[in-house]
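To start, the structure itself, in structure tokens.
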Amino acid sequence: MNRVNNLNLCSFDAVIAGAGLSGITAARVLAEAGHKVVVVEKREEVGGNTYDYVDGNGITVQKYGPHIFHTSDKEVFDFLSRFTEWTAYEHRVLGNINGKLVPVPFNLTSLFELYGKEEGGKIKDILIEEIGLGKKVPILTLKGHADKAVRDFADFVYRNVFYIYTMKQWGFKPEELGEAVMNRVPVYISYEDRYFTDTYQYMPADGFTEMSKNILDHENITLITGVDILEHIEIAGGKIFADGKEFCGKLIYTGRTEQLFGYKFGKLSYRSLDFVFETLDTPSYQPAAVVNYNTSEKFTRISEFTKFACGKKDKTVIVKEYSKDFKEGDIPYYPIPKRENYEEYLKYAEEAAKVPNLILLGRLAAYKYINMDVAVKNAICAANNIK
Ligand code: UDP
């Protein structure tokens with residue numbers, strides 16, 4: 001990997017805007033195919049919002065909030081495995097529901113904890129009869145079930161697990177968001193207590209930042225940090241201009257598309273977060289790596305970083321997440337997954353489609369609430385299409 005101070009973007013086959021997982025994956029695939037690529041990143045760090053660092057107590061802290069890797073996609077897993085060793089890690093979350101800690105996704109254990117043995121047993125039998133043991137059901141599907149007892153149970157789960165948390169996280173009710181959001185955390189008609197049921201569940205042994213640096217470590221990749229690509233790139237008449245000269249290579253852009261097009265169709269909506277970190281003088285703060293606050297508090301969840309890794313420490317680090325409306329200058333962590341927002345985005349996507357050498361990639365540029373593995377997959381596919 002080379003580092004340069006002055007840009008000469010036209011000397012590269014591809015310019016990649018953004019060193020998040022999408023950008024660096026595309027860079028690596030192109031570099032291995034023989035393309036000379038430059039990755040231009042606004043921050044001084046790589047890895048995008050997966051960026052992590054080891055603090056003074058030897059604890060790996062994720063600066064932009066908890067990122068837990070999981071995938072069922074072998075191609076993605078094999079690709080990343082070339083750049084990191086893994087630590088096996090199965091994510092389990094507890095929800096604080098009216099002061100009781102129960103598994104989330106809501107499962108049969110949660111049911112018994114909150115309803116008691118007798119009532120819980122009756123509901124369990126109905127759920128197994130009506131839905132089937134081992135099934136995973138989105139809450140909104142459960143709410144519309146034909147059987148009244150199932151619907152009553154669904155209303156309880158909706159109010160106590162989803163409604164308040166979702167209002168805190170998005171400022172919208174669950175049914176106002178795209179279905180896919182609630183489908184991420186279905187109700188489990190089983191005792192499964194893992195947050196994810198993917199085939200591969202691991203954390204990079206030396207952290208995401210080390211993995212990202214390894215991905216970038218290729219002779220055909222030049223990395224420029226601390227530079228905002230938008231100060232160098234312009235789109236006009238279906239063409240890309242880099243520092244005033246027409247750029248005929250590929251531009252893989254992973255930032256906010258509306259910025260690339262000078263907000264010509266207006267701003268898009270995002271949700272941002274405030275993180276409050278605390279280092280505590282105790283080896284363990286809470287009984288799970290993540291505790292969701294489903295019925296109380298202003299923050300949505302507390303993550304405890306020492307629980308993502310093996311090995312005991314004397315101290316621990318926790319982070320509370322406060323979700324907020326995005327304003328210019330904030331970090332746009334989440335596109336807001338509502339149909340009307342995506343329709344606004346499509347105006348930009350149509351504009352982008354008129355630029356033959358422009359590719360939009362990643363959570364921001366594609367305006368999609370995707371996980372890390374999907375970001376990597378999409379980047380591999382996009383780069384392969386260029387070859
Ligand atoms: N959700 C909820 N209660 C929970 C967990 C999740 O209402 O205890 C909803 C909430 O709307 C959240 C969405 O499900 O934004 C997706 O949750 P996930 O944990 O996947 O969110 P992420 O980790 O991506 O922020």
Side-chain angles (χ1 to χ4, degrees), residues 21 48-50 62 64-71 90-98 100-107 109-111 113-114 136-143 154-188 193-198 201 203 269-275 286 288-297 299-305 308 319-326 331-338 341 362-364 368-375:
L21 276 187
N49 290 341
T50 71
Q62 298 184 314
Y64 303 102
H67 285 75
I68 294 122
F69 183 74
H70 57 100
T71 190
E90 290 188 326
H91 192 44
R92 288 180 172 78
V93 173
L94 293 174
N96 184 319
I97 297 177
N98 302 315
K100 270 199 175 164
L101 293 181
V102 306
V104 171
F106 199 95
N107 66 8
T109 308
S110 320
L111 169 74
E113 293 275 341
L114 295 179
K136 299 182 205 168
V137 208
I139 185 63
L140 297 178
T141 307
L142 210 56
K143 259 175 100 23
D155 284 340
F156 174 85
V157 176
Y158 174 86
R159 272 186 280 112
N160 288 294
V161 179
F162 292 98
Y163 182 79
I164 295 170
Y165 189 102
T166 298
M167 287 302 291
K168 283 194 278 188
Q169 171 68 18
W170 300 103
F172 293 105
K173 297 177 191 168
E175 56 274 28
E176 291 178 300
L177 296 161
E179 282 194 339
V181 182
M182 289 305 119
N183 296 0
R184 290 170 67 91
V185 187
V187 175
Y188 290 174
D193 65 351
R194 295 172 305 166
Y195 207 67
F196 309 113
T197 51
D198 284 309
Q201 305 194 33
M203 292 292 267
S269 307
Y270 300 91
R271 209 62 186 158
S272 190
L273 299 168
D274 280 330
F275 293 108
Q286 60 189 18
V290 172
V291 174
N292 288 354
Y293 284 75
N294 298 79
T295 55
S296 64
E297 312 302 337
F299 49 84
T300 50
R301 59 188 171 190
I302 300 182
S303 303
E304 184 172 7
F305 291 109
F308 294 146
V319 64
K320 293 178 181 157
E321 282 175 59
Y322 295 84
S323 178
K324 62 179 185 183
D325 258 344
F326 167 81
I331 296 174
Y333 288 97
Y334 300 88
I336 300 183
K338 295 184 77 175
N341 294 347
R363 202 186 255 214
L364 283 181
K368 278 212 176 112
Y369 180 14
I370 53 170
N371 288 336
M372 292 184 281
D373 62 332
V374 177

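All residue numbers refer to positions in the sequence shown, counting from 1. In each ligand, atom 1 is the first atom listed, and ligand 1 is the first ligand listed.
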Modelled atom types, side-chain donor and acceptor of Thr197 and Lys136, under 3.5 Å
yes
side-chain contact (heavy atoms from CB on, under 4.5 Å) filter on Ser323, not counting sequence neighbours, yields Gln169, Arg271, Leu273
Distance alone, cut at 3.5 Å: any donor-acceptor contact between the side chains of Glu175 and Tyr158? yes
With sequence neighbours left out, the residues meeting side-chain contact (heavy atoms from CB on, under 4.5 Å) with Val374 are Ile370, Asn378
Contacts for ligand 1, heavy atom under 4.0 Å, by chain and number, are Val104, Val161, Phe162, Tyr165, Thr166, Gln169, Trp170, Val181, Met182, Arg184, Val185, Tyr195, Asn292, Asn294, Arg301, Tyr334, Tyr369
| query | Between the side chain of Arg92 and the main-chain N/O of Pro103, is any donor-acceptor distance below 3.5 Å? | reply | no
By side chain to side chain donor-acceptor pair (under 3.5 Å), Arg301 pairs with (sequence neighbours left out) Glu321
